[in-house]
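Quick note: numbers below take in every heavy atom, side chains included, and nothing from hydrogens, waters or symmetry partners. Order of listing sets the numbers, starting from 1, for every ligand and every atom in it. Position 1 is the first residue of the sequence, and the numbers go up from there.
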Amino acid sequence: MWGGKPSAAGMAQEELPSWLGELSQLLKEKKVFKKDFNHVLINEYEPGQGIMAHEDGPLYISHVAILSLQSALMMEIYEKPFADKKKLFSLYLEPRSLLVFREDVYKRHLHSIEERMTDNLDDGVANLHLLNTSRRGEVEREHTRVSLTIRIVKKLRQATPPS
Ligand SMILES: O=C(O)CCC(=O)C(=O)O
Ligand SMILES: [Fe+2]
C-alpha cells in the first residue's frame with residue numbers, strides 16, 4: 001500500500017514513489033482523474049485466489065482505477081444487497097488493462113473476484129468486444145495477477161512529526 005492508511009479521522013499522507021507520480025501525471029493527461037491520486041493498493045492473486053464481494057466505501061472519492069498486470073481474471077459486479085446474489089455482469093481484466101469505475105457502480109454495486117481456476121468468456125462478460133484475446137469459453141487463470149487499485153482518499157490530516 002502506498003499513500004498512507006485511510007481512516008475516518010483522515011489519512012496522514014505519505015509521499016508516493018516517483019514512478020507512481022509519473023502514473024498520476026499520465027492518468028491526468030488521459031483524463032482518467034482530474035487530480036493526482038493519493039492512494040494505491042497493490043494486490044496479488046495466485047490462480048484460484050479472489051476477493052470477497054465488497055464496496056470500496058466512503059473514505060475515497062467514488063472514482064477508482066484498477067490497473068491489471070501479468071495475468072487475466074474475471075471481476076463480477078453485483079447489485080446490492082449481496083444477500084440477493086444478483087449478478088449484473090462480469091468484466092474480464094486482462095494484463096495492462098485499466099478498469100475505471102465511478103458513481104453508480106462505485107456506490108450502488110459490489111465487486112468480487114471469485115475463487116476459481118478458470119473463467120468463462122461468454123456473453124455475460126460486458127467487455128467481451130474490447131478484449132485482446134479472441135479465446136472464448138472456459139479459460140484458465142495461468143499466472144499470478146498483480147493489480148494496483150488507484151484511488152483518492154477524501155480526508156487528509158497532517159502527519160504527526162516524530163518526537
Ligand atoms: O484486484 C482487483 O482487481 C480488485 C481490488 C479491489 O477491489 C480493491 O482493492 O478494493
Ligand atoms: Fe474493491
Side-chain angles (χ1 to χ4, degrees), residues 1-8 10-14 16-17 19-20 23-24 26-27 30 32-33 35-122 124-128 130-133 135 139-156:
M1 183 167 83
W2 290 282
K5 195 168 177 296
S7 82
M11 177 176 83
Q13 195 172 5
E14 293 164 13
L16 297 175
W19 63 275
L20 280 176
L23 182 63
S24 195
L26 187 67
L27 293 186
K30 301 282 178 198
V32 173
F33 287 110
K35 56 181 193 172
D36 283 315
F37 59 75
N38 59 22
H39 196 265
V40 177
L41 182 67
I42 184 164
N43 281 309
E44 194 180 84
Y45 304 82
E46 296 301 334
Q49 290 185 326
I51 188 167
M52 282 171 55
H54 67 280
E55 51 191 320
D56 287 3
L59 297 181
Y60 308 95
I61 68 162
S62 47
H63 188 135
V64 52
I66 297 175
L67 181 63
S68 295
L69 299 169
Q70 296 184 183
S71 191
L73 48 62
M74 198 81 84
M75 176 177 277
E76 321 291 345
I77 307 292
Y78 288 93
E79 204 157 81
K80 285 204 274 192
F82 186 59
D84 295 348
K85 282 257 169 19
K86 183 148 186 265
K87 189 167 101 176
L88 293 175
F89 54 86
S90 307
L91 293 166
Y92 195 55
L93 307 182
E94 294 186 296
R96 301 172 67 87
S97 70
L98 188 75
L99 168 68
V100 180
F101 64 84
R102 54 198 167 99
E103 300 309 332
D104 260 19
V105 178
Y106 190 101
K107 289 181 193 153
R108 306 244 276 257
H109 302 318
L110 301 163
H111 50 284
S112 75
I113 294 166
E114 300 302 311
E115 292 185 344
R116 57 180 187 233
M117 296 299 290
T118 62
D119 292 305
N120 192 11
L121 294 181
D122 65 8
V125 181
N127 63 336
L128 199 66
L130 296 171
L131 298 180
N132 281 323
T133 182
R135 295 176 72 184
V139 173
E140 295 259 343
R141 292 188 189 168
E142 284 174 332
H143 313 286
T144 308
R145 169 180 179 262
V146 170
S147 70
L148 297 183
T149 304
I150 300 166
R151 292 180 286 214
I152 298 176
V153 173
K154 285 185 203 163
K155 194 171 169 191
L156 302 176

Any atoms of ligand 1 less than 4.0 Å from a non-hydrogen atom of Asp56? List them with their elements. 10 (O)
For Ser68 and Arg145 the tightest heavy-atom approach is OG-NH2, 2.9 Å
What protein heavy atom lies closest to atom 8 (C) of ligand 1? Include the residue and the distance to one decimal. Thr149 OG1, 3.6 Å
Can you name the atoms of ligand 1, numbered from 1 with element, that are less than 4.0 Å from a heavy atom of Leu41? 9 (O)
Give me the one residue out of Leu148, Val146, Leu27, Thr149 that meets side chain to side chain contact (heavy atoms under 4.5 Å, CB included) with Leu67. Leu148
Could you list the atoms of ligand 1 found under 4.0 angstrom from a heavy atom of Asn43? 5 (C), 9 (O)
Starting from atom 3 (O) of ligand 1, find the nearest protein heavy-atom neighbour and note its residue, name and distance. Arg145 NH2, 2.8 Å
Which pairs pass side chain to side chain donor-acceptor pair (under 3.5 Å) with one or both residues in residues 45-57, sequence neighbours excluded? Glu46-Thr144, His54-Asp56, His54-His111, Glu55-Lys80, Asp56-His111, Asp56-Arg151
In ligand 1, the atoms that come under 4.0 Å of a heavy atom of Met75 are 3 (O), 4 (C)
Between Glu140 and Thr118, is any side-chain donor less than 3.5 angstrom from a side-chain acceptor? no
Tell me the contacting part of Leu99 for ligand 1: side chain, backbone, both, or neither, using a 4.0 Å heavy-atom threshold, strictly below. neither
Contact flag Asp56/the Fe ion (ligand 2), N/O/S atoms, threshold under 2.8 Å: yes
Of all the atoms in ligand 1, which lie at a distance below 4.0 Å from a heavy atom belonging to His111? 7 (O)
Look at ligand 1 and say whether Met1 reaches it with a heavy atom at a distance under 4.0 Å. no
Is there a donor-acceptor contact under 3.5 Å from the side chain of Glu94 to the main chain of Asn132? yes
Atom 2 (C) of ligand 1: nearest protein contact (heavy atom, Å): Tyr45 OH, 3.3 Å
Which atom, among the N/O/S set of His111, is closest to the Fe ion (ligand 2)? NE2
Could you tell me which atoms of ligand 1, counted from 1 in the order shown, lie closer than 4.0 angstrom to a heavy atom of Arg151? 10 (O)
Any idea how Tyr60 and His39 line up, ring-wise: parallel (<30°), tilted (30 to 60°), or perpendicular (>60°)? tilted
Do any N or O atoms from the side chain of Tyr106 and from the backbone of Gly57 form a donor-acceptor pair under 3.5 angstrom? yes
Test item: Asn127 side-chain N/O and Leu91 main-chain N/O as donor-acceptor pair under 3.5 Å: no
Heavy atoms only: give me the nearest Val139-Leu121 pair and the separation to one decimal. CG2-CD1, 3.6 Å
